Amino acid sequence: MAFFVRVRMVLILLAVAAARSATALTPPPSSATDLAALLAFKAMLKDPLGILASNWTATASFCSWAGVSCDSRQRVTGLEFSDVPLQGSITPQLGNLSFLSTLVLSNTSVMGPLPDELGSLPWLQTLDLSHNRLSGTIPPSLGNITRLEVLDLAYNDLSGPIPQSLFNSTPDLSEIYL
Ligand SMILES: *[C@@H]1O[C@H](CO)[C@@H](O)[C@H](O)[C@H]1NC(C)=O
Ligand SMILES: *[C@@H]1O[C@H](CO)[C@@H](O)[C@H](O)[C@H]1NC(C)=O
Ligand SMILES: *[C@@H]1O[C@H](CO)[C@@H](O)[C@H](O)[C@H]1NC(C)=O
Ligand SMILES: *[C@@H]1O[C@H](CO)[C@@H](O)[C@H](O)[C@H]1NC(C)=O
């Protein structure tokens with residue numbers, strides 16, 4: 001009996017050790033995740049004026065890149081471009097910018113679908129993707145952004161209904177433009 005108990009305890013300890021090393025192998029989201037998301041964003045865009053090509057370079061911290069703002073821990077809180085041609089689709093990796101509170105890509109010729117992953121930005125307050133060529137439907141996942149205050153998707157090629165989820169769990173949503 002005592003033998004079995006001890007064997008079981010060893011197994012539990014091994015399981016705990018395995019769980020710990022698994023966590024160590026997948027670090028929590030960090031500034032490196034933010035950098036990867038910004039580079040993925042850049043990689044999806046044609047950027048005919050070379051705004052990203054000339055400015056978003058490894059010689060400076062991404063917090064000093066044009067259109068990017070950060071908090072004191074070097075996490076991205078804002079990504080904002082207006083009236084510049086970026087031309088491409090919006091990478092789902094933007095959903096990894098865990099502290100993003102402002103996302104403005106207004107009149108930037110972005111096209112294609114709105115990634116579902118934007119719904120996993122818990123701090124997002126302003127989402128302005130107006131005056132573009134976005135198509136497809138408005139993802140119901142946007143209803144998961146409980147802090148959302150402004151949603152501007154006007155002047156796009158979006159279709160379909162406004163997801164009911166947007167009215168259920170976004171108490172601060174005071175401005176919607178479609
Ligand atoms: C990138 O743009 C920002 C803001 O316009 C500017 O402050 C910075 O010096 C630029 N960096 C480079 C490498 O051009
Ligand atoms: C969009 O940006 C272009 C410059 O890239 C500008 O000429 C045009 O007036 C802007 N459109 C709107 C609706 O602001
Ligand atoms: C970021 O997002 C993409 C797509 O949503 C995902 O495949 C990737 O594993 C995420 N994590 C990191 C660290 O980039
Ligand atoms: C986000 O929203 C979708 C669709 O409304 C839902 O299926 C999903 O479970 C939600 N995810 C989280 C993490 O709340």
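Numbering of ligands and ligand atoms starts at 1, following listing order. Only a predicted model underlies this, so the values are computations on that prediction, with no experimental measurement involved.
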Item to check | Which residues share a ring-ring contact (aromatic ring centres under 6.0 Å, His included) with Tyr155, sequence neighbours left out | outcome: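 In terms of ring-ring contact (aromatic ring centres under 6.0 Å, His included), with neighbours along the sequence ignored, Tyr155 is linked to His131.
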
Item to check | Worked verdict on Val104 versus Asp152 for side chain to side chain contact (heavy atoms under 4.5 Å, CB included) | outcome: CA-CA 9 Å; Val104 177; Asp152 191 347; over 6 Å; no

Checklist entry - Can you check side chain to side chain contact (heavy atoms under 4.5 Å, CB included) on Leu158 and Leu178, steps first, answer last? => result CA-CA 9 Å; Leu158 295 163; Leu178 298 170; 5.7 Å; no

Checklist entry - With the 4.5 Å side-chain cut-off for hydrophobic clustering, are Leu52 and Met44 part of the same group? => result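 They do not share one cluster, since no chain of ILVMFWY contacts under 4.5 Å joins Leu52 to Met44.
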
Checklist entry - In the single-linkage hydrophobic clustering (I, L, V, M, F, W, Y; side-chain heavy atoms under 4.5 Å), do Phe81 and Leu49 co-cluster? => result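 Both belong to a single hydrophobic cluster.
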
Checklist entry - Any side-chain donor-acceptor pair under 3.5 Å between Ser101 and Thr77? => result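 Side chains of Ser101 and Thr77: no pair found under 3.5 Å.
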
Checklist entry - What atoms of ligand 3 come closer than 4.0 angstrom to any heavy atom of Asn96? => result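 Once the distances to Asn96 are compared, the set is 1 (C), 2 (O), 3 (C), 8 (C), 10 (C), 11 (N), 12 (C), 14 (O).
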
Next on the checklist: Only heavy atoms of Glu117, strictly under 4.0 Å: list the atoms of ligand 3 that pass.
Outcome noted: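 By the 4.0 Å cutoff, the relevant atoms are 5 (O).
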
Item to check | Sorted by chain and number, the residues that approach ligand 2 to under 4.0 Å with a heavy atom | outcome: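 The 4.0 Å shell around ligand 2 contains Asp83, Asn107, His131.
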
Next on the checklist: For Ser64, state whether at least one heavy atom is located under 4.0 Å from any atom of ligand 1.
Outcome noted: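 Yes.
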
Checklist entry - Closest approach of Leu39 and Trp65, non-hydrogen atoms and distance? => result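 Heavy-atom minimum between the residues: CD2-CH2, 3.9 Å.
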
Item to check | Steps toward side chain to side chain donor-acceptor pair (under 3.5 Å) verdict (Asn132, Thr108) | outcome: CA-CA 6 Å; Asn132 287 304; Thr108 54; 3.3 Å; yes

Item to check | Distance-only N or O hit between ligand 1 and Thr59, under 3.5 Å | outcome: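 No, Thr59 has no N/O under 3.5 Å of an N/O on ligand 1.
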
